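Worth saying up front: this structure is predicted, and the values here are computed from it rather than measured. Residues: numbered from 1 along the sequence shown.
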Amino acid sequence: APLDLGTIGAAGLKGLLIKVDPNTTGQAVLAKFNGASQGVEIGPGGFLLYGNPVPVAGVTQLDITYAASCVVRVWALG
């Protein structure tokens, strides 16, 4: 199920930070945007930063897939 990004404009997010805390499992997470079937891998201790001050067709949906217990922090700027 998609993460609740709160109230964002129809054009999408202006900024997004996804951070995966270091973990003992060594498992990465997969971030998928706007219902895409392919995702972006983010390993333990890693992060993904996205910024677009004037989005037209930006990020409106985010799914995080994981195989092991971990802490993922998401900051979204609408």
Side-chain angles (χ1 to χ4, degrees):
L3 288 167
D4 181 2
L5 297 174
T7 304
I8 58 172
L13 296 173
K14 293 181 180 181
L16 177 67
L17 173 63
I18 305 169
K19 181 184 177 297
V20 180
D21 283 359
N23 62 62
T24 57
T25 66
Q27 296 288 324
V29 301
L30 199 60
K32 297 179 184 177
F33 305 100
N34 299 340
S37 60
Q38 296 292 321
V40 176
E41 182 180 273
I42 309 169
F47 66 91
L48 181 125
L49 178 63
Y50 165 83
N52 184 352
V54 189
V56 175
V59 176
T60 56
Q61 180 182 339
L62 172 63
D63 290 281
I64 302 285
T65 305
Y66 54 92
S69 181
C70 61
V71 176
V72 178
R73 301 173 195 276
V74 176
W75 290 269
L77 176 62

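Residues Tyr66 and Val72 fail the side-chain proximity criterion, which asks for heavy atoms closer than 4.5 Å. Under the 4.5 Å side-chain criterion, counting only non-hydrogen atoms from C-beta, Trp75 is in contact with Lys19. Within the 4.5 Å cutoff, side-chain heavy atoms of Phe33 are placed close to those of Leu62.
In this structure a side-chain-to-backbone donor-acceptor pair under 3.5 Å is missing from Asn23 to Ala28.
Summarising the geometry of Gly12 relative to Thr60, their closest heavy-atom pair is CA-CG2, 3.7 Å, with the distance given to 0.1 Å. Looking at every heavy atom in both residues, Pro44 comes nearest to Gly26 through CG-C, 3.7 Å. Minimum interatomic distance between Glu41 and Leu30 (heavy atoms only, all atoms of both residues): N-CD1, 3.8 Å. For the residue pair Gln27 and Ala68, the shortest heavy atom distance occurs at CG-CB, 3.7 Å. Considering every non-hydrogen atom in both Ile64 and Ala31, the closest pair reads CD1-CB, 4.0 Å. In terms of heavy-atom proximity, Cys70 sits nearest to Val29 at SG-CG1, 3.7 Å.
Open room surrounds NZ on Lys14; 12 or fewer heavy atoms of other groups in view lie less than 6.0 Å from it.
No continuous path of hydrophobic side-chain contacts links Leu77 to Leu3 [ILVMFWY only; heavy atoms under 4.5 Å]. Residues Leu5 and Phe47 are members of separate hydrophobic clusters, defined by side-chain heavy-atom contacts under 4.5 angstrom among Ile, Leu, Val, Met, Phe, Trp and Tyr. By the criterion of side-chain heavy atoms lying less than 4.5 angstrom apart, applied directly or through intervening Ile, Leu, Val, Met, Phe, Trp or Tyr residues, Leu17 is not grouped with Ile42; the two fall into different hydrophobic clusters.
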